[in-house]
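One structure, pasted below without further comment.
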There are 2 protein chains.
Amino acid sequence: MKLQDAGLRCTRQRIELGRLLFAKGDRHFTADLLHEEAKLNQIPVSLATIYNTLQLFMTVGLVRRLATGGQKTWFDTNVSEHHHLVLEDESRIIDIPAGYLTVHQLPPIPEDTEIDRIDVVVQLKRRQS
Amino acid sequence: MKLQDAGLRCTRQRIELGRLLFAKGDRHFTADLLHEEAKLNQIPVSLATIYNTLQLFMTVGLVRRLATGGQKTWFDTNVSEHHHLVLEDESRIIDIPAGYLTVHQLPPIPEDTEIDRIDVVVQLKRRQS
DNA sequence: ATTTGTGCAAATCGTTTGCATCTGA
DNA sequence: TCAGATGCAAACGATTTGCACAAAT
């Protein structure tokens, strides 16, 4: 299973959170949303552990953090290269299907650096009717 | 001048902050950096006013907020369409020159929304020698 | 004179941390 | 057994807000 593949200890909390996150396809979530969902599913886990676990999952590549421009940190279980639509109020994040938004002609970057990743964020606003 | 063009009251703080921000070309900054700079320049202004003023400048389009993926909010005095390189530790934000990274083939978006803007963030990390 | 802005301190929000206790290997 | 994980509460950093005072029109 994913946890031991990643060299992580299989604790109750991690197993249950992993189940929530990876059971039903790709998802976008914040620490708080995941905490709420855990509560709904009767999974005993503190918010602190949620944060620790997400940090951990991130360092082993199970989830990635998104650049959304908002105050809350959003995560994505889809760690492959793809981009996002972000609704105005940050209530929702939507994947941009592959094939759109291919990025060409990378810019020059400073001497001692390399590209870690590229986030394209399309900010949407509600259309004033 | 820019302030009255935008319909804002010309207060000491706003004038001085505007001078700092727009005097020497495009800049990237956080509320805190601007506060520091104001102090260095003997401009009496509280951090709260910095925040209020930036909010205001943003709503009238004098500055824009950047999606960097970090915890601090970065602003940009260049409000035209362009994109950014972000250093790993967020210590620095660099403009991507026009002509790079043109975005093609916009994805379908939900019914009642329109595109507000597009942020492309190229996250850089230090190259391990 | 009236409206709006400012500064301070306290409040808020998301996230992290210290530490005592528990648990998986 | 015992290194590592958890939970709680306190700490933290960025940002916002309430309110008394000051300044702009």
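Only this structure's heavy atoms are used, side chains among them; waters, hydrogens and symmetry mates stay out. Residue numbering restarts at 1 for every chain, and letters A, B, ... go by the order of the sequence lines.
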Worksheet item: Looking at CG of B/L62 and OG1 of B/T77, how far apart are the two atoms once the value is rounded to the nearest 0.5 Å?
Response: 10.0 Å

Worksheet item: When every nucleotide of nucleotides 2-18 of chain C is labelled 5' to 3' by its protein contacts under 4.0 Å (heavy atoms), B for base, S for sugar-phosphate only, - for none, what sequence of letters results?
Response: -BBSSBB-----SBBB-

Discussion item. Can you classify the ring geometry of A/F29 versus A/F75 as parallel (below 30°), tilted (30 to 60°) or perpendicular (above 60°)?
Written reply: parallel

Worksheet item: Over how many whole Å does the gap from B/L33 atom CG to D/dT15 atom P extend?
Response: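 B/L33 atom CG is separated from D/dT15 atom P by 11 Å.
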
Worksheet item: Can you tell me if B/H84 and B/D95 form a side-chain donor-acceptor pair at under 3.5 Å?
Response: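 The answer is yes; a qualifying pair exists.
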
Discussion item. Quick check against the 3.5 Å criterion: does B/R14 have a side-chain atom that pairs as donor or acceptor with the backbone of B/R9?
Written reply: yes

Discussion item. Closer than 3.5 angstrom, by distance alone: can the side chain of B/Q13 be matched with the main-chain N or O of B/T53 as a donor-acceptor pair?
Written reply: no

Worksheet, complete the sentence: Students should find that the end-to-end axis angle of the helix from C/dA1-D/dT25 to C/dA25-D/dT1, with five pairs defining each axis and rounding to 10 degrees, is 30°

Fill in: Atom-pair distance (CD on B/E16; C1' on D/dA23), nearest Å
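It is 15 Å, rounded to the nearest whole Å.
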
Worksheet item: Short question: side chain of B/T49, backbone of B/V45 - any donor-acceptor pair under 3.5 Å?
Response: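 Not at all, since once roles are kept as given, no pair shorter than 3.5 Å links the two residues.
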
Worksheet item: Do you know which of B/R65, B/H28, B/R64 makes side chain to side chain donor-acceptor pair (under 3.5 Å) with B/D76?
Response: B/H28

Worksheet entry | Heavy-atom donor-acceptor pair, B/E88 side chain to B/R126 backbone, under 3.5 Å | yes

